[in-house]
Each structure stands twice: as structure tokens, then as C-alpha cells.
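Structure first, then comments.
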Amino acid sequence: MPLSERKTSTAPAATGGVQSLERAFDLLERMADAGGEVGLSELSSSSGLPLPTIHRLMRTLVACGYVRQQPNRRYALGPRLIRLGESASRLLGTWARPYLNRLVEETGETANMALLDGDEIVYVAQVPSRHSMRMFTEVGRRVLPHSTGVGKALLAHHPADEVRALLARTGMPAATERTITTPEGFLEALELTRQRGYAFDDNEQEVGVRCIAVPVPDSPTDAAVSISGPAGRVTDAATDKIVPVLQEVAQELSTALTNTGSDRG
């Protein structure tokens, strides 16, 4: 969500909540939306909070190591957040496994979950197919978005200028002769992804392998689920059957991830 679109923090805290904590986490999310580094005036403008309040909250976050002040006096996300993020990613993979198990049972192919982490795709969970010929992707593996189905699914609804900027930073090396290697070609693939509601990787990351992916709607962080298998099994006819299952599982996973458990007392 772009920094300018996040709602302001001036409303009272939710019932039972602590307003200063809510505001602090809101500021951290705004910093992440802005690329990890912002100035106090930017935070004040987007959040609606007065500068003295933001300064006080940022000073506390700096003292705790979750934010650091740069030499140019702007504020950046701090290294202490890395440990929290790594732990959360591992838990996310654990939470996703029952849903990936269902994908394997209903499609017969290997199921994956991946996140957009900075400019890269990182795989956080996988349940392998029971076929003797199956696909393996090491959990924790990082790949570039342009050559993967999950990359297309994750970037399909990002503004075109953001996608172009990402591709300029990463480059578009060819993993196979089918890999899309131009920004224009990739943007066309994203438009096709939006039109049909799923992303497709046809021998673009690995020869002989096809992947179908959909985003997890309303996920707290950009996430996608996919199935991958040999091109001889993941045919066009199989795709028609697999896509509805993928979309249903993605929606169920979304519901599970967005349920905070706050009603459990």
C-alpha cells in the first residue's frame, strides 16, 4: 500500500489497545511503504500526527534499535527488525503448510508459498508432490521476479513505474530461452495475469517446468501460492482445473493470516 494511501493515525486506539503502540507500528509500516527511509515531515504529512508526537515515538524506536537515524537526519528501519522478520517468515511457512498440503492433495503437484522481499522473491514454504517426478525448491531460496509465476502474481497489481524501477535494479537475466528479458514484455505478462486472475511460468525459470500462481489477497505482506510440475502434467487442460483450487486456497489462507485472534481474550 503506498504511503499516501494508508489511513491516518489520529483516531482513538481500538478497544483495549494502547494508542502509542498502535502509532509506533503504524509509523514502522509507513517507513516500509516508503522504501525504508523517511523524514519526520513525510511521516507527519502522511499520518496526520504532529511532529512532536512523531519525534517522541521515533526517539523511542531508535533507542530500542528498531529505527536508526541516518547522517542526513532521516530515519531508516533498524537492524533489530531483521530478527523479527526472519522469525515471522518461518512461522508464516508453518501456518501455510496445511493449505499447501491441500493443494498437493487436489492437484497432485508440488505446492509453494513465496513472498516479495525487497526486489526478490523468497520461498518460505513448500509441500512436495507425491509423484516420483516432482519439483523441489529449497525453502529460503531467492529468485528474481521476472522469471517466475509467483513473481508475476506478486507484481501484477503494482504500478508500472514501480515495476520498471525494480527491473532496472535487478536486471532481467535469462534463466532459459523462454525467460522474459524486457520490461515491456514483462508488463504485458502482468496485464495478462490481471486479466485471467492467475500467473503462469511456462519453462521460463527451468526448462520442462510449468508453474501456476495466484496472490494471497489482503495478505499482511505480499504473498503468493503456486503449484509447479512437469510441463507434460501441467497442461492447459490441467490448468483449468488447478486455478480454481489455487484461488480458493489462497482466499482461505488470507482469512487465516488476517485473523489476529484478538477475540480470544
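Numbers for residues simply follow the sequence, beginning at 1.
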- Query: Can you tell me if Q251 and Q247 form a side-chain donor-acceptor pair at under 3.5 Å?
  - Reply: no

- Task: In plain terms, say whether R142 and D119 are close enough for a salt bridge, that is, a side-chain N and a carboxylate O under 4.0 Å apart.
- Result: no

- Query: Does the side chain of Y75 come within less than 4.5 Å of L61's, by heavy atoms?
  - Reply: no

- Look only at the side chain of D26 and the backbone of E22, and say whether a donor-acceptor pair between them is shorter than 3.5 Å. no

- Under the 3.5 angstrom rule, does the side chain of D222 hit a backbone N or O of L115 as a donor-acceptor pair? no

- Query: Do E206 and R178 sit within salt-bridge range, that is, some charged N less than 4.0 Å from a carboxylate O?
  - Reply: no

- Message: Please identify which of these residues, L253, V150, I212, meets the side chain to side chain contact (heavy atoms under 4.5 Å, CB included) condition with V225.
- Response: L253

- Query: In terms of hydrophobic clustering (I, L, V, M, F, W, Y; side-chain heavy atoms under 4.5 Å; direct or indirect links), are F200 and V207 co-clustered?
  - Reply: no

- Message: If you compare all heavy atoms of P128 against all heavy atoms of V104, which two are closest, and at what distance to 0.1 Å?
- Response: O-CG1, 3.7 Å

- Close side-chain approach of L116 and L155, heavy atoms under 4.5 Å: yes

- OG-CD1 distance between S147 and I180, expressed to the nearest 0.5 angstrom: 9.5 Å

- Message: Quick check: closest heavy atoms across V209 and S228, and the distance to 0.1 Å?
- Response: CG1-CB, 4.4 Å

- Item | ILVMFWY cluster, V124 and I227 together (side-chain gap under 4.5 Å) | yes

- Message: Just verifying a value: how many Å separate I121 CD1 and L144 CG, rounded to the nearest 0.5 Å?
- Response: 9.0 Å

- For the atom pair CG (L49) and CZ (R30), what is the distance rounded to the nearest 0.5 Å? 7.5 Å

- Query: Within a strict 4.5 Å, meaning less than it, do heavy atoms of the Y66 and T60 side chains meet?
  - Reply: no

- Message: For a quick test of reading the model, state the closest non-hydrogen atom pair linking A256 to Y99 and the distance between them.
- Response: CB-OH, 3.2 Å

- Between R74 and E42, does at least one N-O distance fall below 4.0 Å, as a salt bridge requires? yes

- Query: Do T239 and I242 come close enough that some side-chain heavy atom pair is under 4.5 Å?
  - Reply: no

- Message: Using the rule that Ile, Leu, Val, Met, Phe, Trp and Tyr join whenever any side-chain heavy atoms are under 4.5 Å apart, tell me whether L192 and V214 fall into a single cluster.
- Response: no

- Could you tell me whether R102 and E248 make a salt bridge, using a distance below 4.0 angstrom between a side-chain N and a carboxylate O? yes

- Message: Using every non-hydrogen atom in the two residues, find where V143 and Q205 come nearest and quote the distance to one decimal.
- Response: CG1-NE2, 4.1 Å

- Partner of E204 under side chain to side chain donor-acceptor pair (under 3.5 Å), chosen from R210, H146, K152: K152

- Query: Looking at side-chain heavy atoms only, is the closest gap between S129 and R233 below 4.5 Å?
  - Reply: yes

- Task: Check the pair T176 / T179 against side-chain contact (heavy atoms from CB on, under 4.5 Å), numbers first and verdict last.
- Result: CA-CA 5 Å; T176 75; T179 305; 3.5 Å; yes

- Between CZ on residue R169 and CZ on residue R164, distance to nearest 0.5 Å: 14.0 Å

- Message: Check whether R194 reaches the backbone of A156 with its side chain - one donor and one acceptor, N or O, closer than 3.5 Å.
- Response: yes

- Query: Is the count of non-hydrogen atoms from other residues, nucleotides or ligands lying under 6.0 Å from E177 atom CD greater than 12?
  - Reply: no

- All heavy atoms of D218 vs all of S254, minimum pair found to be CB-OG, 4.0 Å

- Less than 4.5 Å apart, any side-chain heavy atom of H158 and any of L166? no

- Task: Enter the distance from L246:CG to T107:OG1 here, rounded to the nearest 0.5 Å.
- Result: 7.0 Å

- Message: So which atom in A224 and which in A153 form the shortest heavy-atom distance, rounded to 0.1 Å?
- Response: CB-CB, 4.2 Å

- Message: Is there a path of hydrophobic side-chain contacts, each under 4.5 Å between heavy atoms of I/L/V/M/F/W/Y residues, joining L100 to L257?
- Response: yes

- Contact check, side chains of E120 and D117, non-hydrogen atoms, under 4.5 Å: no

- Interatomic distance, T148 atom OG1 to N112 atom CG [nearest 0.5 angstrom]: 10.5 Å

- Answer with yes or no whether the hydrophobic clustering places Y123 together with L103; edges join I, L, V, M, F, W, Y residues whose side-chain heavy atoms lie under 4.5 Å apart. no

